[in-house]
Amino acid sequence: GSEMNQVGSVYIPTLFILCLLFFSSCGERKKQQVSWGGGQGSATDQESEDLNAHILALERQRNALQYELQWLGARAKVARAEMELNLALSAEKRLMAEIRRFSDKNQGFASSDELRSKQYQISWDAKLEARSKEVTKARAQVNLFSRELNELRFEISKNGFSSPAKGLVK
């Protein structure tokens, strides 16, 4: 878990910086000229409309970036929860395989070892139960964070934007 947090703590800021660089490089590079009217009369209606349209476009872009940052944060939470679920499931399956190997290996022993066998079985069952609880908890986290991400996706959509339904890496 901690090494995943370290990766996430590097990945998210890096992704954020790359997004900022990308969007700042997409902006217009020409110098903006403002007509101060020195004897030419006031700014035309067309110039005012162009400025207003540009302001609205910038506000929309800012809103899109805010939603993107929220989406990235929510998706990161889902990805971390999915990683924890994957680790919990892997540990559970490895334990099941270990139990199977132990069971197969001890099939031919005499019944005098029955007490020790029962103790092993109780121990294995307790470990398996603990692994099962970890899987259930991890699955609940994935469901919770996925629900939060879906609510955010709905809000994004409601405000005229779109976002990916699933993760970015396939």
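Since this is a predicted model, take the numbers as computed values, not measurements.
- Shortest non-hydrogen contact noted between A74 and L149 is CB-CD1, 3.7 Å.
- Side chains of L58 and R62 form no contact here, defined as non-hydrogen atoms less than 4.5 Å apart.
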Could you walk me through whether E155 and K158 pass salt bridge (charged side-chain N to carboxylate O under 4.0 Å, His left out), step by step? CA-CA 5 Å; E155 180 184 338; K158 192 173 71 176; over 6 Å; no
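- L56 and L65 end up in different hydrophobic clusters when Ile, Leu, Val, Met, Phe, Trp and Tyr side chains are linked at under 4.5 Å.
- Taking the side chain as every heavy atom from C-beta outward, E84 and Q141 never approach each other to under 4.5 Å.
- Closest heavy-atom contact between Y67 and I156: CD2-CG1, 3.5 Å.
- Note that OG of S132 is 7.0 Å distant from CG of L128, once rounded to the nearest 0.5 Å.
- Considering CG of N86 and CD of E82, their distance stands at 9.5 Å, rounded to 0.5 Å.
- In this structure, CD in Q121 is found 11.5 Å from CH2 in W124, a value given to the nearest 0.5 Å.
- The existence of a salt bridge linking E68 and R75 is excluded, since no basic side-chain nitrogen approaches an acidic carboxylate oxygen closer than 4.0 Å.
- The shortest heavy-atom contact between R60 and G160 is NH2-O, 3.0 Å.
- At least one donor-acceptor pair under 3.5 Å links the side chain of S146 to the backbone N or O of V142.
- Closest heavy-atom contact between K166 and W71: O-CZ2, 3.9 Å.
- Heavy atoms from other residues, nucleotides or ligands lying under 6.0 Å from OH of Y120 number 12 at most.
- When hydrophobic clusters are built by joining Ile, Leu, Val, Met, Phe, Trp and Tyr residues whose side-chain heavy atoms come closer than 4.5 Å, directly or via intermediates, L144 is grouped together with L152.
- Between atom CZ of residue F154 and atom CG of residue N159 there is a gap of 9.5 Å, rounded to the nearest 0.5 Å.
- At least one donor-acceptor pair under 3.5 Å links the side chain of R153 to the backbone N or O of P164.
- Proximity of E129 to D125: side-chain heavy atoms (C-beta onward) are nowhere separated by under 4.5 Å.
- The closest side-chain donor-acceptor pair between D50 and Q46 falls under 3.5 angstrom.
- With rounding to the nearest 0.5 angstrom, the OG1 atom of T136 is 9.5 Å from the CG atom of L85.
- The shortest distance between side-chain heavy atoms of L89 and R139 falls below 4.5 Å.
- Between the CD atom of Q61 and the CD atom of Q66 there is a distance of 11.5 Å, given to the nearest 0.5 Å.
- L95 and F102 fall within the same hydrophobic cluster, defined by Ile, Leu, Val, Met, Phe, Trp and Tyr side-chain heavy atoms under 4.5 Å apart, directly or through other members.
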